[in-house]
Each structure stands twice: as C-alpha cells, then as structure tokens.
Amino acid sequence: MSKIKVAIQGTRASFHEEAAFKYFGHNIETIECETFKHTCEALKKQEADYVVMAIENSIAGSLLPNYSLLHDYHFPIIGEVYLSIQLHLLAFPGVKMSQIRNVESHPIALRQCADYLEEHPLLKITEGMDTASCAKKIADNKLTDTAAVANALAAKLYNLEVLERRIETNKKNYTRFLILSNEKSENPKANKATLLFQTDNSIGSLARVLTFFSEEQINMSKIQSMPVLGKKNEYDFYVDIEWKKQNNYDAAIRKTLKHTINFNILGEYVKNDKV
C-alpha cells in the first residue's frame, strides 16, 4: 500500500510535520512546501492527499493569511490537532555552549524564546525560514559556532545535540492545526464545525446569529472576522462551534441559514483539543 501524502509548510521535522505525525501516525510521506499557498496548490493538483495547516497559536494568535486560504480554496476541514510548542537550543554534535556565537530560527520561535535570548546578549540572532531548516543548515554545513531553536524532532532527524531544553518563555504554548482534504466526507462522530458567513449591516445582525447557537446549546469556541476584499464595512465571519446533540446542531444551522449571506460549512469533524 502506498503511503498517504501530506503537504506541510516548511522543512521535514518542522512543527507542521510533528503535527502531521500526531494526527496520521509516522507511516506517511511528507510533501515539503515553501509557503502555505503551495501546500494548497499541492492538494489542488493532487500531489498531496492532505494538508496540515497551522491556524492559531496561543501566544501569537490567529494566522490571518491562512483564513484567506480557507476562503479561497474551500478545501473541506476533516480534523484538527493541537501541538505543544517545545523549543530547544540545538547544536552540531560535540559543540559546547561557549563556542556558540549565532542563534538562528523562525522569527516567531525567536520571539517565544525572548527571555532566554536576553540572558545571552552577545549572541547574534538571525531569522530563518522555519525552525527545522535552521537545524538542517547546521547539520549540512557542520556549523560549530551556530545553534538553532527547534523541536526535538529536528534534533533527532538531523542528528544534533540539545544544548538547552525548553527555552521557550511560556511553557503552555500550543498551536492548533487544521487537516484539509480534497474530498468532503461524512463523519458520524463529528461534534465540531467551522462555518463561514456574512451578515448584513443592520443593527444586531451578528448578535442575532450568535444567539441561535446559544438557544440550541451550541458552544461557540471561536469567531474570527476578515474584511471582504474590495467592500467597505463588510466582513467574513469564521466561526468554530461545538455540540453534544446532532439535532441541536441541525436546528442551529437551519436558523443561521435564514439570517446570513454566503453561508458555508467549511468542515464538520471530531473535536480534538489534546495538547
């Protein structure tokens, strides 16, 4: 049997690949993509079976450009996975901390380790494309004066040593990833959905829609607004909702349909908030 192909943004051993392993297991083929748009193009061209896409981080917040990709490509969301973001200082085997002059990583990862890096003011900090590519660069070039901030998966794959563990400032940092597919599939166990819609500009129009969820015992776990391109004071609303009873969900959707514009269900899937 051929392995399923999963497109990720970044290099192997990035947090995206770690999230893919957590959701699908290790028996997959990873398709490395330079950008998030490239992951969607890989799925569109059937070069990949699935996409793993980060959508929000507990510190950095929502990844707004990725909401635009959800809107533009309309790939069904079939699942989600939460990943604890644990960052380590990695170096070429045998290198001591006293030899390190440079630290490289993704800019967000560097910001998440700001307190640690401030304790080492003589280190030159350089931003890279992603955490894993910075680790790979050290291994490929046998750099002895440079360390990377990356995960344990990168240390294992690129045979690097961990100089310092858990250097992130906030130890309760996590990222939520969405699993996208080219084909919509029914999931009888689904208890979470991502909706996309607009409302008119009348007073209370959005509040009225949100009330429908409350009336049907539906939990709204997130709402994200994005401006509609080229239109003043018009917004797309991305809403995550969770339910316990299917009939409540069905009733809420029927009510919402009558009071929204361009309503879409981007995905119905099983809630997964285990970090």
| message | For the residue pair Asp200 / Ser202, report whether a side-chain donor-acceptor contact shorter than 3.5 Å exists. | response | yes

| said: Does either side chain, that of Tyr249 or that of Glu268, offer a donor lying less than 3.5 Å from an acceptor on the other one? | reply: yes

Are the side chain of [X] and the backbone of [Y] linked by a donor-acceptor contact shorter than 3.5 Å?
{"X": "Glu234", "Y": "Val228", "answer": "no"}
{"X": "Ser205", "Y": "Asn201", "answer": "no"}
{"X": "Thr35", "Y": "His38", "answer": "yes"}
{"X": "His74", "Y": "Leu70", "answer": "no"}
{"X": "Asp49", "Y": "Lys5", "answer": "yes"}
{"X": "Thr131", "Y": "Ala150", "answer": "no"}

Please list, one pair per line, the donor and acceptor atoms closer than 3.5 Å that link side chains of residues 87-100 to other protein atoms, with sequence neighbours excluded.
| from | atom 1 | to | atom 2 | distance (Å) |
| --- | --- | --- | --- | --- |
| His88 | ND1 | Arg166 | N | 3.1 |
| Gln99 | OE1 | Lys96 | N | 2.8 |

Evaluate whether atom [atom1] of [X] has more than 12 neighbouring non-hydrogen atoms of other residues, nucleotides or ligands under 6.0 angstrom away.
{"X": "Lys222", "atom1": "NZ", "result": "yes"}
{"X": "Glu47", "atom1": "CD", "result": "yes"}
{"X": "Glu119", "atom1": "CD", "result": "yes"}

Please name the pair of heavy atoms, one in [X] and one in [Y], separated by the smallest distance, quoted to 0.1 Å.
{"X": "Ile78", "Y": "Glu183", "value": "CG2-O, 4.5 Å"}
{"X": "Lys3", "Y": "Glu29", "value": "CB-N, 4.0 Å"}
{"X": "Ser68", "Y": "Met226", "value": "OG-CE, 3.3 Å"}
{"X": "Thr169", "Y": "Ala114", "value": "OG1-N, 3.8 Å"}
{"X": "Tyr174", "Y": "Asn57", "value": "O-ND2, 3.1 Å"}
{"X": "Gln246", "Y": "Ala190", "value": "OE1-O, 4.3 Å"}

With the side chain counted from C-beta on, respond yes when [X] and [Y] share a heavy-atom pair under 4.5 Å apart, and no when they do not.
{"X": "Phe197", "Y": "Leu195", "answer": "yes"}
{"X": "Val103", "Y": "Leu117", "answer": "yes"}
{"X": "Lys232", "Y": "Pro227", "answer": "no"}
{"X": "Thr260", "Y": "Gln198", "answer": "no"}

Is there a chain of hydrophobic side chains (I, L, V, M, F, W, Y, each step under 4.5 Å between heavy atoms) that links [X] to [Y]?
{"X": "Leu163", "Y": "Leu157", "value": "yes"}
{"X": "Ile31", "Y": "Ile4", "value": "no"}
{"X": "Tyr73", "Y": "Ile265", "value": "no"}
{"X": "Leu196", "Y": "Ile179", "value": "no"}
{"X": "Ile223", "Y": "Leu257", "value": "yes"}

Please report the interatomic distance [atom1]([X]) to [atom2]([Y]), rounded to the nearest 0.5 Å.
{"X": "Thr175", "Y": "Asn173", "atom1": "OG1", "atom2": "CG", "value": "6.0 Å"}
{"X": "Ile59", "Y": "Glu168", "atom1": "CD1", "atom2": "CD", "value": "8.5 Å"}
{"X": "Asn102", "Y": "Cys134", "atom1": "CG", "atom2": "SG", "value": "11.5 Å"}
{"X": "Gln46", "Y": "Asn182", "atom1": "CD", "atom2": "CG", "value": "6.0 Å"}
{"X": "Glu56", "Y": "Ser62", "atom1": "CD", "atom2": "OG", "value": "5.5 Å"}

| message | Over 60° means perpendicular and under 30° means parallel, so tell me whether His259 and Phe212 are parallel, tilted or perpendicular. | response | tilted

| task | Please state whether the rings of Phe237 and Tyr235 are parallel, tilted or perpendicular, taking 30° and 60° as the class boundaries. | result | tilted

List the atom pairs, donor and acceptor, that lie under 3.5 Å between side-chain atoms in residues 11-24 and the rest of the protein, sequence neighbours left out.
| from | atom 1 | to | atom 2 | distance (Å) |
| --- | --- | --- | --- | --- |
| Thr11 | OG1 | Asp130 | OD2 | 3.3 |
| Arg12 | NE | Glu17 | OE2 | 2.9 |
| Ser14 | OG | Thr11 | O | 3.0 |
| Ser14 | OG | His16 | N | 3.4 |
| Ser14 | OG | Glu17 | N | 3.4 |
| His16 | NE2 | Ala54 | N | 3.1 |
| Glu17 | OE1 | Ala13 | N | 2.5 |
| Glu17 | OE2 | Thr30 | OG1 | 2.7 |
| Glu18 | OE1 | Asn151 | ND2 | 2.8 |
| Lys22 | NZ | Tyr82 | O | 2.6 |
| Lys22 | NZ | Lys274 | O | 3.0 |

| field | Identified side-chain contact (heavy atoms from CB on, under 4.5 Å) counterpart of His71 within the set Leu266, Asp236, Leu229, Asn264 | value | Asp236

| field | Sole candidate of Leu178, Leu64, Thr194, Asp240 that passes side-chain contact (heavy atoms from CB on, under 4.5 Å) when paired with Ile55 | value | Leu178

| said: side-chain contact (heavy atoms from CB on, under 4.5 Å) for Tyr50 and Leu180? Distances and angles first, verdict last. | reply: CA-CA 6 Å; Tyr50 302 96; Leu180 309 181; over 6 Å; no

| How would you list, by chain and number, every residue that makes a ring-ring contact (aromatic ring centres under 6.0 Å, His included) with Tyr238, sequence neighbours excluded? | Tyr67

| message | For Asp273, give me all partners under salt bridge (Lys or Arg N to Asp or Glu O under 4.0 Å), at least two apart in sequence or on another chain. | response | Lys271

| Test salt bridge (Lys or Arg N to Asp or Glu O under 4.0 Å) applied to Glu32 - qualifying residues, sequence neighbours left out | none

| said: Before you tell me yes or no, could you show the steps for Met53 and Cys40 under side-chain contact (heavy atoms from CB on, under 4.5 Å), namely the whole-Å CA-CA distance, both residues' side-chain angles and the distance that decides it to 0.1 Å? | reply: CA-CA 9 Å; Met53 177 184 287; Cys40 292; 3.7 Å; yes

| task | Check each of Lys255, Arg208, Arg254 against Glu215 using the salt bridge (charged side-chain N to carboxylate O under 4.0 Å, His left out) test, and report the only one that passes. | result | Lys255

Just list the side-chain donor-acceptor pairs under 3.5 Å for residues 137-144, sequence neighbours left out, or say none.
| from | atom 1 | to | atom 2 | distance (Å) |
| --- | --- | --- | --- | --- |
| Lys137 | NZ | Glu104 | OE1 | 3.3 |
| Lys137 | NZ | Glu104 | OE2 | 3.2 |
| Asp140 | OD2 | Lys136 | NZ | 2.7 |
| Asn141 | ND2 | Lys137 | O | 2.9 |

